[in-house]
Chemist: 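The following block contains the structure, expressed as structure tokens.
Every chain is numbered from 1 and lettered A, B, ... according to where its sequence line falls, protein lines coming before strand lines.
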Amino acid sequence: MGAVLAMTRILRICAAGALALLTACGPLQGTNPTANMLRGMYDVLRPGAVPDAGGSAGPLTRAFIEAQPTELLRVSIISRETTGLVPFAARNADTVTWVTPEGFGLIFRNGLLAGTRGFGDDLMGADLGGALASLNGGGQHRRTLDFMTGLDQITRRDFSCTTVKTGEDQITIFERTYDTDVFEETCTSPSGGFKNSYWRDRDGVIWQSRQWISDGTGYLGYQRL
Amino acid sequence: MFSGMAALLAAGVWAAPGAADQGWPATYSLFGTPGIVDMPAAVAPADAEIAATVSGFGKTRRGTLSFQVLPRLSGSFRYSLIDTYDRSFDLQYQITDEGRYMPAVAVGLRDFIGTGRYSSEYFVATKTVSPNVRVTGGIGWGRLGSVNGFANPFGLDTRPDDSVDTGGTVLAGQFFHGDAALFGGVEWRVNDEWTLLAEYSSDAYERESRLIGFDRKSPVNVGVTWRPSDSYQLGAYYLHGSEVGISASVVTNPRTRDMPSGLGRAPVPVAVRGESVVAAATWTNPQVKAASMDALGTIMATDGFRLLGAEVTGNTLRVRYENARFRSEAQGAGRVARILTQVAPQNVDRFVLEPTQQGIALSSITLLRSDMERLENQPNAAALSYDRARIGDASGPAPALDWNDPTPAFQWGLSPYFELTLFDGKNPARGDTGLEASFRYEVKPNIMLSGAFRQRLLGNRDEVGSIAPSSLPPVRRDSLRYGAQSGNGIEDLTLAWYGRPGRNVYSRITAGYLERMFGGVSAEVLWKPVASRLALGAEVNYAAKRDYDLGFGFQDYDIVTGHVSAYYEFANGFEAQVDVGRYLAGDYGATFGLDRTFANGWKVGAYFTLTDVPFDDFGEGSFDKGIRVEIPTDWLAGTPNRNTAGTTLSSLSRDGGARLNVEGRLYDVVEDGHQMQLDETWGRFWR
């Protein structure tokens with residue numbers, strides 16, 4: 001799938017313009033179309049969008065987590081088979097923004113994904129009132145998600161959703177154990193659907209979750225560390 | 001330790017079903033247009049779809065660019081090798097869509113401008129008779145009426161030869177004239193990727209049989225196409241009982257984008273007053289102000305913006321900046337406004353953003369700080385913030401710049417270049433590649449000295465053939481001679497000064513070596529109110545012809561040339577431009593252009609120029625015309641970027657209707673910062 005996309009992209013780039021096989025240098029090269037196109041191709045084809053967990057900092061341990069100056073999320077973009085740590089960046093009312101040093105951004109409202117930035121096909125916004133309420137025991141609700149179109153407009157997609165508590169689970173996240181209720185939220189629409197899972201403790205904190213981002217990006221998995 | 005995560009990953013992907021079945025897409029024929037093998041079909045591709053097709057059989061080669069101009073109108077440009085190289089234009093109009101019992105019906109004109117080597121007209125009907133079988137039948141005239149033809153049903157028995165010696169004119173006098181004949185065919189979709197084709201062709205290939213030994217034994221053509229994705233189609237064919245053919249099409253649609261929101265970095269989050277206090281209370285203390293300005297300039301530079309001035313008046317902070325990274329000025333404004341929430345003194349509750357290009361302010365965008373705080377991360381935030389934004393003119397003086405801008409005044413670059421000359425009479429493509437050294441010295445943000453020097457490394461653009469005789473002065477005919485011998489030279493070297501003489505008015509003066517063939521002085525003024533669909537401009541140039549060696553010298557030809565221009569943006573995305581004036585060879589006339597523009601930066605259009613030069617004197621093509629495509633680089637690459645890759649497929653470089661190529665004409669500089677473009681791309685405000 002990814003290979004086909006990359007292939008398509010190369011075809012399109014070849015179809016679209018001139019390619020020279022030289023690289024460019026100097027401050028003005030930023031305005032050179034050929035150089036920028038080459039750089040863009042490199043960025044697209046470069047593997048590993050999100051850096052691997054721990055990375056050069058060594059193995060991820062509770063001691064490492066405790067030593068960090070900010071809160072961390074452990075995140076995975078499931079379709080891209082990438083995992084990484086995302087530090088807290090900002091809070092605005094009931095939304096929290098997390099941004100990696102590479103510039104991937106995630107926005108949550110009470111543990112539910114309210115937006116992403118930098119993933120190519122981002123979730124641009126989400127109306128989550130019904131979804132949040134449904135986590136208190138389940139139920140039916142509507143969800144509206146905002147996406148960018150190919151023509152730079154926001155398109156709002158409505159989903160009909162059902163949340164069900166499927167069980168209880170004791171999960172361990174780096175030496176800490178949480179007793180959680182497991183909820184599954186199934187959403188459908190004429191143009192497709194998705195299924196989110198939440199591991200939520202008795203205080204309402206979602207410690208682990210798997211949530212849909214968009215058609216192009218797929219699912220996000222995360223744990224609060 | 002990772003058990004929780006592993007469970008998540010193992011949960012499997014409950015994938016969203018694929019996009020709804022869009023129906024059966026058009027098959028691209030050997031002509032590169034919707035059809036079967038060689039015959040047309042009444043199938044309209046998706047609106048705005050673009051297909052580039054190359055095909056060949058026997059000694060014939062065709063390259064076609066096809067564009068779905070409107071949901072019902074297809075337009076195509078073709079460059080073919082028949083007995084000689086030949087250009088052709090086609091149009092097809094979908095009269096009715098397919099109904100439950102009624103077939104879709106279309107009318108088409110093939111090769112309706114020019115020498116008419118493929119000239120034909122047709123009505124065609126197509127019906128999907130079962131989910132995987134599509135049947136087409138039609139009646140054709142011209143070449144499509146040349147097999148088993150019968151008397152013209154309209155009584156237009158004689159098909160006149162309507163073309164002029166030099167080609168290039170509309171062949172309206174012969175449309176639907178002469179014998180007619182029937183054609184038809186079947187497409188059978190074996191599975192999602194493979195389609196089998198069979199047709200009865202009403203084209204006798206008389207010209208090819210007579211001139212290039214084409215051996216036509218049968219009217220029946222068969223073929224198979226493989227379309228493994230929406231993006232390309234490959235075809236193989238057995239034609240007329242004697243020839244094997246192949247085709248390849250690359251299909252794209254400017255309306256869609258693999259990565260619609262792009263790969264650029266997440267924006268700086270909004271800082272909310274009272275929650276995350278970072279900014280100073282006021283800037284009344286000069287030291288606090290200096291430190292704040294420094295922080296603002298530095299953060300903006302990291303995100304691709306250059307701070308050109310910032311000033312607090314009362315409770316308003318006005319910031320002028322240049323967006324060097326983002327195609328959409330709306331996205332730029334959203335990102336700058338978020339940075340301002342971090343840095344602006346706490347007593348400021350209103351931001352006035354003034355995006356600039358070439359040092360001149362394009363518009364002023366007024367945003368309330370409380371709206372930024374309130375709407376960030378909220379559903380439907382883009383529409384809500386657009387409703388609250390005020391967009392106006394920004395012709396006033398720049399706010400003070402109390403900041404030591406680290407952007408160096410002198411910048412240089414060394415990069416590869418690639419230059420292609422297409423469809424030159426004898427040689428379908430000439431190309432050069434080499435190195436370009438460029439520099440830019442900024443006297444002030446709106447006054448810059450810039451230049452470029454090229455050294456050719458490889459290419460055949462120096463193979464200058466004979467230059468056709470003409471009664472006009474050689475203002476473009478000899479373009480290939482420039483730099484041919486030396487292989488290097490000064491491409492351009494100019495001093496440009498941009499200005500805002502008043503409200504709604506923009507100006508430019510450029511002097512020096514303006515382009516490869518001419519040097520001189522160019523002055524331009526543009527009237528374009530920020531919310532107006534209409535813009536008016538005027539340009540006057542004194543141009544002297546440069547020496548062939550691309551040095552500092554001039555030849556003995558100079559002229560005063562200039563135009564008045566009107567630009568209009570229609571609500572459906574079409575943009576029209578009319579330029580009336582005097583051209584480089586001293587001829588008078590007008591250029592008409594129409595482009596379909598897309599909010600994401602794509603442009604596809606066509607233009608033609610008619611001047612008082614007689615068609616015979618103009619030479620091949622009779623008058624200047626062409627089609628042009630502009631593709632934003634960020635659409636291709638995903639990463640934010642203000643460049644576009646563009647190409648113009650035009651008739652040969654001739655002397656009639658030739659205009660000076662001056663860099664940085666005002667309309668292109670100003671347009672992106674005005675209301676229409678801000679509105680169209682406001683979806684990116686929170687991106």
Side-chain angles (χ1 to χ4, degrees), chain A residues 4-5 8 11-13 15-18 20 22 24-29 32-37 40-41 43-44 78 89-90 92 95 97 99 103-105 107 114-115 117-118 120-122 125-127 144 146 148-154 171 173 191-195 208 210 215 221 223, chain B residues 1 3-5 8-9 11 14 16-17 20 52 229 231-232 250 252 255-261 263-267 269-270 272 275-276 328 376-382 411-416 418 420 433 438 440 598-600 631 633 636-639 641 643 645 680-681 683-684 686:
Chain A
V4 171
L5 271 180
T8 305
L11 281 171
R12 281 191 185 161
I13 289 169
L22 298 156
C25 57
L28 273 187
Q29 53 120 2
N32 179 283
T34 311
N36 276 325
M37 197 186 297
M41 269 181 74
D43 286 344
V44 169
I78 293 169
N92 181 352
T95 62
T97 302
V99 182
F104 294 94
I107 301 149
R117 295 294 182 270
D121 187 2
D122 283 318
D127 199 336
T144 306
D146 301 345
M148 190 88 76
T149 70
L151 293 176
D152 287 352
Q153 295 290 324
I154 298 295
I171 57 170
I173 301 172
S191 57
F194 57 90
K195 185 154 95 179
Q208 175 171 293
R210 181 174 177 279
D215 285 329
Q223 290 179 327
Chain B
M1 187 181 275
S3 61
M5 210 56 161
L8 272 181
L9 290 167
W14 195 82
S229 84
S231 304
Y232 53 101
V250 178
T252 190
R255 295 174 59 90
T256 61
R257 192 176 162 187
D258 285 347
M259 299 194 181
S261 56
L263 293 171
R265 299 175 60 95
V270 168
V272 181
E275 274 194 37
S276 41
S328 156
E376 188 201 29
N377 302 339
Q378 295 303 310
N380 204 24
Q411 293 184 290
W412 61 276
L414 187 63
S415 54
F418 188 76
L420 202 59
T433 183
S438 55
R440 199 178 120 103
F598 298 85
N600 59 23
I631 307 168
T633 314
L636 293 166
T639 45
N641 189 319
N643 294 325
E680 281 183 350
T681 66
R684 302 192 83 79
W686 291 103

Chemist: When heavy-atom pairs shorter than 4.5 Å are enumerated against chain B, which of A/Thr144, A/Leu151, A/Asp146, A/Ile154 gives the highest number?
Modeler: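 If we count pairs closer than 4.5 Å to chain B, A/Leu151 comes out on top.
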
Chemist: Using the salt bridge (Lys or Arg N to Asp or Glu O under 4.0 Å) criterion, which residues pair with A/Asp152? Sequence neighbours excluded.
Modeler: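 So A/Asp152 forms a salt bridge (Lys or Arg N to Asp or Glu O under 4.0 Å) with B/Arg327, B/Arg684.
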
Chemist: Can you tell me which of B/Pro260, B/Ser328, B/Ala266, B/Pro269 forms the most heavy-atom pairs within a distance under 4.5 Å of chain A?
Modeler: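 Heavy-atom pair counts peak at B/Pro260.
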
Chemist: State which residue, out of B/Asp258, B/Asn643, B/Ile631, fulfils the side chain to side chain contact (heavy atoms under 4.5 Å, CB included) condition with B/Leu636.
Modeler: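 Testing B/Leu636 for a side chain to side chain contact (heavy atoms under 4.5 Å, CB included) against B/Asp258, B/Asn643, B/Ile631 leaves exactly one candidate, B/Ile631.
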
Chemist: Any idea which of A/Val99, A/Thr97, A/Asp121 has the most non-hydrogen atom pairs under 4.5 angstrom with chain B?
Modeler: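 Most heavy-atom pairs under 4.5 Å with chain B: A/Asp121.
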
Chemist: Under the salt bridge (Lys or Arg N to Asp or Glu O under 4.0 Å) rule, collect the residues that match up with B/Arg255, sequence neighbours excluded.
Modeler: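 Expected list: B/Asp47.
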
Chemist: Taking all non-hydrogen atoms of both residues into account, name the closest pair between B/Ala381 and B/Trp686 and its distance.
Modeler: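 Shortest heavy-atom contact: O-NE1, 3.3 Å.
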
Chemist: Look at A/Gly120, A/Gly125, A/Gly118, A/Ala90 and state which one has the largest set of heavy-atom pairs under 4.5 Å with chain B.
Modeler: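 Greatest number of close heavy-atom pairs with chain B: A/Gly120.
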
